[in-house]
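Each remark here refers to the structure printed beneath this line.
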Amino acid sequence: MTTSTKNIPSKYDPSVVEDKWYSFWLQNKYFHSQVDHTKKPYTIVIPPPNVTGVLHMGHMLNNTIQDVLIRRARMQGYNACWVPGTDHAAIATEAKVVRKLRERGISKKDLSREQFLEHAWEWTHTHGGIILDQLKKLGASCDWDRTAFTLDKDYAESVVDAFIDLYEKGKIYRSARMINWDPAARTALSDEEVIYKEVNSKLYHIRYKIVDSNEFVTIATTRPETILGDTAICIHPDDERYTHLHGKHAIVPLVNRVVPIILDKYVEMDFGTGCLKVTPAHDINDYELGEKHNLETINMMNPNGTISEEGELYIGQDRFVVRKQIAIDLETAGNLVNIEDYTNKVGYSERTDVVIEPRLSLQWWLSMKEIAKPALDNVMEDNVEFFPKKFKNTYRHWMENVKDWCVSRQLWWGHQIPVFYYGEGDNDYVVAKSKEKALETAKVKSRNPTLSLNDLRQDEDVLDTWFSSWLWPISLFDPTFIREHHNREPNEELEYYFQRANEGHAYQKSELGNSTLVTAPEIMFFWVARMIISGYEYVGNKPFNSVYYTGIVRDKLGRKMSKSLGNSPDPLDLIAQFGADGVRMGMLFSTPAGNDLPFDPSICEQGKKFSNKIWNAFRFLTLNLQDELEYSPTLSIDREQLVDRWMMARIQQTILGINNDFKDYKLNDALKKVYSLIWDDFCDWYIELSKPEYGKPFDRQKMNVALGFFEVLMKLLHPFMPFISEEIWQYIGNRSKEEALCISEWPMYDSSYDSKIDIEQFETFKSIVSILRNIRAENQISPKTEITVYIKTVSDEVSQYLNKNSWILSQLQDINELKISTSIEKPRASASALIGGNEIYVPLAGIIDIEKELNRINKEIQRLEGFLKGVNGKLNNPNFRNNAPESVVQNELNKKRDGEANLLKLKEQLKDFE
RNA sequence: GCGUUCUUAGCUCAGUUGGUUAGAGCGCCACGUUGACAUCGUGGAGGUCGGCAGUUCGAAUCUGCCAGAACGCACCA
């Protein structure tokens, strides 16, 4: 890159600059990582977005955070590897494809599995990876050579391997149980895929006739259609109201089925009538009652949510249509007692948003209790550290009560379950990698040597999408390891990016953990917990040192931003409007780790303004070096100059502060520190003071030192705003073609420059300037009018450094006379102020607005008196003097001494106006 | 219902082990274009730290109760 001063545009145009540098970074493969044992690894695996998804604000936040972490690690000299990829997202993608096909008049049930998968792949090829291109716009510094997809051949094999391995270990089994059934997708779901929502519904009271009696019992239900599957009425054995019904039978209305009245303490006598209808096939609790009391199960619903033949009536009609109709019919039959409004919670499918039906079904399960143990313990011991900490509790609660995982899904898009059936019996199957392999075992197991490939039928179902993504950190690096882990060590990549990156305990505050997962808390159970489980199960180690849970991006009304609500701005529009840097900064600026982000596009405005400020500061420094062919930024400061020492000290403070913030993942605090360093310290003070006296030429050396500082500032800014920082950094220095800010060294903290005295002294100057500005504002004195300033200092030491650096005052204020000494005669009719006990006087005879000045002094006196009242209150309290530590008492005494001295000075000043 | 985390300026949030009369950014008000930036500069006004008790010499900070919010888990048909 040229460092010529020519052609620095007066306006900063992110769209041009950002594309330019992104291509440059890619061309030079700065984001590519390979095993290098001379460097420490730092690994991030991306939470793979749905392959056909498009970027939303949640992705923006999530990936910005990952990019900040990986870019800083890269600059710190880590071998930083951020692996990107996409997830096939079984049910989500399949639902999308089904919808698309329906729009084209094609129904899934008219297609064969192969035909459907052809459509799905076509869809994947046209839309797949769009989201990854969008991430590039954001500046994501992923190693794109490693881009993976959960249905890639190698990866898919590892998923099947895991199933086989766990089956062979006895962890996977097949069982008929109550499951959550999604009637729209027509598949089983895991418990985590069900979302409970509070809804306004109706409670139907229905009476059942008692056999051989004119009596009725009344039950209540929110799902009257399920009476078609009733096989009992249940009452509490101690319920005296119903003692006479023990051993009797009741008649289910409409279907006129005779069912027993059973007794069980499960029934709450206080709720409703104390009578419960029992539908074992369609309710979890009822199922358990059914098992216990040997009840018949009537499966009255089809997989698509219509009534089945077993239901006898309303066959083929939708469950919700029937719910209305059956109420009418029950009324007609005289069985409907009443209907009341009722609020209850109903389970909905996370993906299709339809009401879940509990249903008895034969599925594949993974036994969780045992394999979850190390994953629970290591998080509890902070060996895997959660940020924010509060999620440890949620995690523990889930892990301690972890239930077996239903891993089979009645879908086609995904990893087909490697189970081959050779007969109709419950155990007539073998688990194998392929049909061919299955055949041999099947022959033995079935004792039928004539069995052929045609006799084998593979399980139709696919695996839960999370059953593939839980292997993400392993199979990205070593896809055959799952299969071979009994016989060999991890390959070089897995060893380096997984094992070595996660060596030791996470809780080492001395440096950043070497591997971080950045994700949403919503998928803690779906994904995070299961990845930790698979890490210990297969590699014997955690897959990451720390987990950073991001907040949820919400709109102004506090609603989660989602495509369906249409309340999410298009991230690419935002980037076009504010620049990727602007959007990144806007989001990071207002998200403490784990907090939700109330998003308003205007927060990106601040990012854009910041870019503009930086650009203009840069332009100012270089405009005045127009004759230079190359800049010579330098950090060899003039040690005699307070302002240089101060700037250096502020930089050191900031480096230290940022490094600490990163250890706690307080990215917004870190960014705020950089922001303030650049805007408040560098632009508002340092640059102002680097300007020469009016009319005089610019000091080349000063400009070069300013550029030297600027260079450091751009390094500190780079993880957050990679584009503008790279652009400026490239301009500033004499860079060779291979150089880039993104691979330059992170600034080292240098304690020799971190001087509290320099900062204190400069702060005094800042306060004096502020007070002079304030005096001008109150007395309406234009900045151009010269003023006289006397400073009566508290000590010779103060006089000395103020005098030595008095040019700072003259530079920032038009002053015709400046006196600094311990022995200043207080001038009459002057505006005055106190700074650290030092008295500032600005004689303003004839100009001064006496009322305002009196006001100001009186206000200050009032404040001080109140302050001293508090201090004296403490000091006069014997309990305080006896109990408080000596240092605290001494501190109060100092406050009293200084406060009283200041009060005296203020009262003197007041006398002037009497 | 159980559990967890919260409640600080108009908004979004800081506030380290209790110890200056509580800070920042945005927004708001006033003033301001002499060498980069009006996408800017300068100054200013905003809070009895959700409420009530308690512990303590001293509470935004610790404890209890109450009110409200968010999340997780389990749910009565």
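The figures here come from the full heavy-atom set of this structure, side chains too, leaving out hydrogens, waters and symmetry mates. Remember, it's a predicted structure, so these values are computed and weren't measured experimentally. Proteins come first, then strands; the chains are lettered A, B, ... in the order of their sequence lines, and each starts at number 1.
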Any Tyr12(A) side-chain N or O less than 4.0 Å from OP1/OP2 of C37(B)
no
Could you tell me whether [X] and [Y] make a salt bridge, using a distance below 4.0 angstrom between a side-chain N and a carboxylate O?
| X | Y | value |
| --- | --- | --- |
| Glu357(A) | Arg223(A) | yes |
| Lys896(A) | Glu892(A) | no |
| Glu763(A) | Lys766(A) | yes |

Let me know the distance between [atom1] of [X] and [atom2] of [N], rounded to the nearest Å.
| X | N | atom1 | atom2 | value |
| --- | --- | --- | --- | --- |
| Lys390(A) | U4(B) | NZ | P | 14 Å |
| His236(A) | C76(B) | NE2 | P | 16 Å |
| His397(A) | C73(B) | NE2 | C1' | 5 Å |
| Ile233(A) | C76(B) | CD1 | P | 17 Å |
| Gln813(A) | U42(B) | CD | C1' | 10 Å |
| Ile781(A) | C31(B) | CD1 | C1' | 14 Å |
| Tyr549(A) | U4(B) | OH | P | 18 Å |
| Glu778(A) | U42(B) | CD | P | 17 Å |

Rounding to the closest angstrom, what is the interatomic distance between U56(B) and G18(B) at atom C1'?
9 Å
P gap between A60(B) and G50(B), integer Å:
10 Å
Look at the side chain of [X] and decide which nucleotide, out of [options], has an atom nearest to it.
| X | options | answer |
| --- | --- | --- |
| Thr394(A) | C13(B), G35(B), G72(B) | G72(B) |
| Phe525(A) | G72(B), C57(B), G27(B) | G72(B) |
| Trp398(A) | C73(B), G19(B), A36(B) | C73(B) |
| Phe698(A) | A77(B), G35(B), U39(B) | G35(B) |
| Asn393(A) | U42(B), A45(B), U5(B) | U5(B) |
| Lys895(A) | C57(B), U39(B), U20(B) | U20(B) |

From the options Phe599(A), Phe720(A), Tyr675(A), select the one residue that forms a ring-ring contact (aromatic ring centres under 6.0 Å, His included) with Phe589(A).
Tyr675(A)
Test for a donor-acceptor pair under 3.5 Å between the base of A30(B) and the side chain of Gln780(A), counting only N and O atoms.
no
Does Lys613(A) make a side-chain donor-acceptor contact with the base of C37(B), cut-off 3.5 Å?
yes
Is it possible for you to check whether Lys390(A) lies under 6.0 Å from the centre of the six-membered ring of Tyr549(A), through NZ or CZ, and within 45° of that ring's axis?
no
Whichever of Pro697(A) and Pro598(A) has the more 5' nearest nucleotide on RNA chain B, that residue is Pro598(A)
Of Ile284(A) and Tyr675(A), the one whose closest RNA chain B nucleotide lies more 5':
Tyr675(A)
For Thr279(A), is there any backbone N or O sitting under 3.5 Å from a side-chain donor or acceptor partner on Asp283(A)?
no
